[in-house]
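So the structure is just underneath, and the comments pick up after that.
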Amino acid sequence: SRVRRPPLRPPRIGDIVKLSGPGGMGLQYSRVHGVGIVTAIHKPEQQRKLYEVKWLKSDERMRFHEEDLIIVSDVDR
């Protein structure tokens, strides 16, 4: 079987993402919150982009940097 790799691009609104992290942090977080959907992209002046994610399992909204997220389902597919 062919395994699909996540796209090598920044997340877009509508992408389904999960949290990456050192060690087992991403896995532990995923048990509580599941996967999330990117709902907004914020670009504060003089700062890096922040991606707002609505977690589907816990219904919480949080903001992360690009390197904190792994795209699970590509909005372009």
Side-chain angles (χ1 to χ4, degrees):
S1 83
R2 213 172 136 196
V3 176
R4 294 194 77 126
R5 287 181 283 173
L8 298 174
R9 63 160 176 78
R12 296 182 187 152
I13 293 175
D15 282 345
I16 295 177
V17 296
K18 66 180 180 178
L19 189 66
S20 69
M25 188 178 91
L27 180 60
Q28 187 176 18
Y29 196 87
S30 141
R31 284 188 189 124
V32 175
H33 298 284
V35 295
I37 188 164
V38 177
T39 58
I41 300 171
H42 303 278
K43 179 65 175 108
E45 258 187 66
Q46 306 295 320
Q47 293 181 6
R48 296 170 32 208
K49 284 183 185 176
L50 290 170
Y51 297 86
E52 186 170 310
V53 176
K54 178 182 180 281
W55 298 107
L56 303 179
K57 197 171 178 183
S58 67
D59 213 32
E60 290 183 55
R61 291 177 185 266
M62 299 175 192
R63 292 182 183 180
F64 298 94
H65 294 287
E66 177 182 338
E67 65 271 11
D68 298 327
L69 301 171
I70 297 172
I71 300 170
V72 174
S73 180
D74 192 346
V75 75
D76 290 338
R77 281 191 216 164

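Positions are given from 1 along the sequence.
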Mind checking what makes side-chain contact (heavy atoms from CB on, under 4.5 Å) contact with Glu66, not counting sequence neighbours? Pro10, Pro11, Tyr51
Enumerate the residue pairs fulfilling salt bridge (Lys or Arg N to Asp or Glu O under 4.0 Å) with a member in residues 38-50, sequence neighbours excluded, ordered by first and then second residue. Arg48-Glu67
Contacts of type side-chain contact (heavy atoms from CB on, under 4.5 Å), residue Gln47, not counting sequence neighbours: Pro44
Given the rule in the side chain to side chain contact (heavy atoms under 4.5 Å, CB included) test, do Lys54 and Asp59 qualify, once you have shown the distances and angles that lead to the verdict? CA-CA 6 Å; Lys54 178 182 180 281; Asp59 213 32; 2.7 Å; yes
May I have the step-by-step check of side chain to side chain contact (heavy atoms under 4.5 Å, CB included) for Asp15 and Arg9, ending in yes or no? CA-CA 11 Å; Asp15 282 345; Arg9 63 160 176 78; 2.9 Å; yes
Under a single-linkage definition using a 4.5 Å side-chain heavy-atom cutoff for Ile, Leu, Val, Met, Phe, Trp and Tyr, are Val17 and Phe64 assigned to the same hydrophobic cluster? yes
Suppose we screen for side-chain contact (heavy atoms from CB on, under 4.5 Å). Which residues come up paired with Lys57, at least two apart in sequence or across chains? none
Name all residues meeting the side-chain contact (heavy atoms from CB on, under 4.5 Å) criterion together with Ser58; count only those two or more places apart in sequence or in a different chain, and write none if there are none. His33, Trp55, Glu60
For Glu52, the option from Thr39, Ile37, Val38 that meets side chain to side chain contact (heavy atoms under 4.5 Å, CB included): Thr39
Rounded to the nearest 0.5 Å, what's the gap from CD1 on Ile71 to CZ on Arg12? Could you check? 8.0 Å
Check whether any side-chain heavy atom of Lys18 sits under 4.5 Å from a side-chain heavy atom of Leu69, and report yes or no. no
